[in-house]
Chemist: 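Let me begin by handing over the structure; questions about it come next.
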Amino acid sequence: QVQPLESGGGLVQPGGSMRLSCAASGRTTTAWFRQAPGKEREFVAAIRWMGGNTYFANSVKGRFGISKDNVKNLVFLQMNSLKPEDTAAYYCASSRNTVIQSAISDRRSYSYWGQGTQVTVSS
C-alpha cells in the first residue's frame with residue numbers, strides 16, 4: 001500500500017481529545033496536514049520512521065503528539081485540548097524520499113496523500 005489511509009475523526013467538544021490513525025508503508029517520513037474551509041492546507045506534525053524524530057507546527061505544539069507503530073505501519077496523531085480552530089479536514093501524507101528538515105512542513109515534500117478525515121471541534 002502506497003497511498004496513506006486515515007481513520008478516526010468526528011465531532012469532539014472543545015477541550016476534548018481525539019486520535020487519528022494513518023496506515024502508511026514504504027515511506028521515510030509521514031506527516032499530518034489540515035485544511036479548514038477557505039484556507040490553505042497547513043502542516044500539523046511529522047515523524048521520521050528511522051530515528052523517530054518528530055516535528056510540530058507552533059499552533060499545536062504542546063497539545064498534539066505524533067507516534068508510530070513500526071510493526072503495523074501506523075502513524076498516530078494524538079490531539080488534546082482541542083479548540084474550535086482545530087476544526088479541519090486532516091490529511092496524512094508520506095514520502096519515500098528523504099525529506100530534509102527545512103522542508104518537513106512543505107506539502108511538496110510528500111508524494112502520497114490520503115483522502116482526509118474530518119475533525120470538528122464544537123459544543
Side-chain angles (χ1 to χ4, degrees):
Q1 172 182 332
V2 176
Q3 184 175 11
L5 180 63
E6 306 99 339
S7 61
L11 175 65
V12 62
Q13 292 188 341
S17 298
M18 181 176 287
R19 189 177 81 161
L20 304 181
S21 300
C22 173
S25 61
R27 61 295 169 261
T28 62
T29 306
T30 297
W32 287 94
F33 287 77
R34 67 185 181 185
Q35 188 168 18
K39 295 187 176 182
E40 291 191 358
R41 193 168 297 189
E42 64 175 6
F43 172 76
V44 176
I47 188 167
R48 296 195 190 277
W49 285 88
M50 290 292 290
N53 287 13
T54 59
Y55 308 86
F56 296 93
N58 288 335
S59 59
V60 305
K61 203 170 291 184
R63 300 188 298 123
F64 289 15
I66 188 169
S67 60
K68 58 182 174 65
D69 183 323
N70 290 335
V71 175
K72 297 181 179 179
N73 291 323
L74 293 172
V75 171
F76 304 103
L77 183 68
Q78 178 66 44
M79 304 183 291
N80 301 321
S81 302
L82 282 161
K83 305 175 182 180
E85 49 263 45
D86 294 317
T87 294
Y90 282 71
Y91 297 88
C92 182
S94 283
S95 173
R96 283 188 166 183
N97 301 316
T98 300
V99 180
I100 61 175
Q101 185 169 339
S102 60
I104 207 82
S105 62
D106 191 334
R107 291 175 293 174
R108 296 170 295 181
S109 298
Y110 303 91
S111 301
Y112 305 99
W113 291 81
Q115 295 298 309
T117 185
Q118 180 66 34
V119 173
T120 302
V121 184
S122 175
S123 55

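This chain uses plain numbering: 1 for the first residue, then up along the sequence.
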Chemist: Any side-chain heavy atom of Phe43 within less than 4.5 Å of one from Tyr55?
Modeler: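 Of all side-chain heavy-atom pairs linking Tyr55 with Phe43, at least one is under 4.5 Å.
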Chemist: Nearest heavy-atom pair of Leu20 and Tyr90: which atoms, and what distance?
Modeler: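 In this case the closest contact between Leu20 and Tyr90 is CD1-CB, 3.6 Å.
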Chemist: So, do Val75 and Trp49 sit near enough that their side-chain heavy atoms are less than 4.5 Å apart?
Modeler: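 SC-SC contact between Val75 and Trp49 confirmed.
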Chemist: Hey, does Asp86 have a side-chain heavy atom less than 4.5 Å from the side chain of Arg63?
Modeler: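 Of all side-chain heavy-atom pairs linking Asp86 with Arg63, at least one is under 4.5 Å.
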Chemist: Rounded to the nearest 0.5 Å, how far apart are OG of Ser109 and CD1 of Ile100?
Modeler: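 Answer for the OG-CD1 pair, Ser109 versus Ile100, is 7.5 Å.
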Chemist: To the nearest 0.5 Å, what is the distance between CZ on Arg107 and OG on Ser111?
Modeler: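 Between Arg107 CZ and Ser111 OG, I get 14.0 Å after rounding to 0.5 Å.
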Chemist: Taking all heavy atoms of Thr117 and all of Gly8, pick out the closest pair and write down the distance.
Modeler: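 Closest heavy-atom pair between Thr117 and Gly8: OG1-O, 2.7 Å.
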Chemist: When you look at CD of Glu40, are more than 12 heavy atoms from neighbouring residues, nucleotides or ligands closer to it than 6.0 Å?
Modeler: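 Atom CD in Glu40 is not packed in, count stays at 12 or less.
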Chemist: Considering all heavy atoms of both residues, which atom of Thr30 and which atom of Ser94 are nearest to each other, and what is their separation?
Modeler: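 Result for this residue pair: OG1-OG, 3.0 Å.
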Chemist: Around atom CD of Gln115, are there more than 12 heavy atoms from other residues, nucleotides or ligands closer than 6.0 Å?
Modeler: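 No - once you tally the heavy atoms of other residues, nucleotides and ligands closer than 6.0 Å, there are 12 at most.
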Chemist: Are Met18 and Trp32 grouped together when hydrophobic residues (ILVMFWY) are joined by side-chain heavy atoms under 4.5 angstrom apart?
Modeler: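 Per the 4.5 Å side-chain linkage, Met18 and Trp32 are co-clustered.
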Chemist: Using modelled atom types and a 3.5 Å cut-off, is there a donor and acceptor pairing between side-chain atoms of Arg108 and backbone atoms of Ala103?
Modeler: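 No, the answer is negative, given that no donor and acceptor are paired below the 3.5 Å cut-off.
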Chemist: Working to the nearest 0.5 angstrom, can you tell me the gap between Met50 CE and Asn70 CG?
Modeler: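 So the gap between those two atoms works out to 9.5 Å.
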Chemist: In terms of hydrophobic clusters joined by side-chain contacts under 4.5 Å, are Ile47 and Val99 together?
Modeler: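 No, it is not one cluster - the side chains of Ile47 and Val99 are not joined through contacts under 4.5 Å.
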Chemist: Is the side chain of Glu6 donor-acceptor paired with the backbone N or O of Gly116 at a distance under 3.5 Å, no angle test?
Modeler: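 Flag set: sc Glu6 to bb Gly116 pair under 3.5 Å.
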Chemist: Between atom CG of Leu82 and atom CD of Glu85, what is the distance when rounded to the nearest 0.5 Å?
Modeler: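 With rounding to 0.5 Å, CG (Leu82) is 10.0 Å from CD (Glu85).
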Chemist: Do you reckon Val44 sits in the same ILVMFWY cluster as Met79, going by side-chain contacts under 4.5 Å, direct or chained?
Modeler: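 Yes; tracing contacts between hydrophobic side chains, which count when under 4.5 Å, links both residues.
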Chemist: Mind jotting down which residue pairs meet the disulfide bond (SG atoms under 2.5 Å apart) criterion with at least one end in residues 62-104? Sequence neighbours excluded, please.
Modeler: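 Of all non-adjacent pairs touching residues 62-104, those that pass disulfide bond (SG atoms under 2.5 Å apart) are Cys22-Cys92.
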Chemist: Are side-chain heavy atoms of Asn73 and Arg27 found at a separation under 4.5 Å?
Modeler: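 They are in contact (side-chain heavy atoms under 4.5 Å apart), so the answer is yes.
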Chemist: What are the two closest non-hydrogen atoms of Ala36 and Ala88, and how far apart are they?
Modeler: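 Closest approach of Ala36 to Ala88: N-CB, 3.8 Å.
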Chemist: Distance check, rounded to the nearest 0.5 Å: Lys68 atom NZ versus Ser21 atom OG?
Modeler: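 Nearest 0.5 Å value for the NZ-OG distance: 15.0 Å.
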Chemist: Hey, could you give me the CZ/OG1 distance between Arg96 and Thr28, rounded to the nearest 0.5 Å?
Modeler: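 Between atom CZ of Arg96 and atom OG1 of Thr28 there are 10.5 Å.
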Chemist: Would you mind reporting whether Val60 and Arg34 have side-chain heavy atoms less than 4.5 Å apart?
Modeler: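 With C-beta onward as the side chain, the pair touches.
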Chemist: Which of parallel (below 30°), tilted (30 to 60°) and perpendicular (above 60°) describes Phe33 and Trp113?
Modeler: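 Geometry flag for Trp113 against Phe33: tilted rings.
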Chemist: Using modelled atom types only, decide if a donor and an acceptor are shared between the side chain of Tyr110 and the backbone of Ile104 within a distance under 3.5 Å.
Modeler: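 Yes; judged by distance alone, with no hydrogens or angles, the pair exists.
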Chemist: Can you check whether Gln118 reaches Thr87 side chain to side chain, under 4.5 Å on heavy atoms?
Modeler: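 Result yes, sub-4.5 Å side-chain heavy-atom pair found.
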Chemist: Where do Thr29 and Ala46 come nearest, in terms of heavy atoms and distance?
Modeler: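 Between these two residues, the closest heavy atoms are CG2-CB, 4.4 Å.
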Chemist: Would Phe56 and Val119 show up in the same hydrophobic cluster when neighbours are defined by side-chain heavy atoms closer than 4.5 Å?
Modeler: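 Yes, Phe56 and Val119 fall within the same hydrophobic cluster.
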Chemist: Do Val121 and Tyr91 sit in the same hydrophobic cluster, where Ile, Leu, Val, Met, Phe, Trp and Tyr count as joined when their side-chain heavy atoms come under 4.5 Å apart?
Modeler: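 No, it is not one cluster - the side chains of Val121 and Tyr91 are not joined through contacts under 4.5 Å.
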Chemist: What heavy-atom pair brings Ala45 and Leu77 nearest, and what distance separates the two atoms?
Modeler: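 Closest heavy-atom pair between Ala45 and Leu77: CB-CD1, 4.1 Å.
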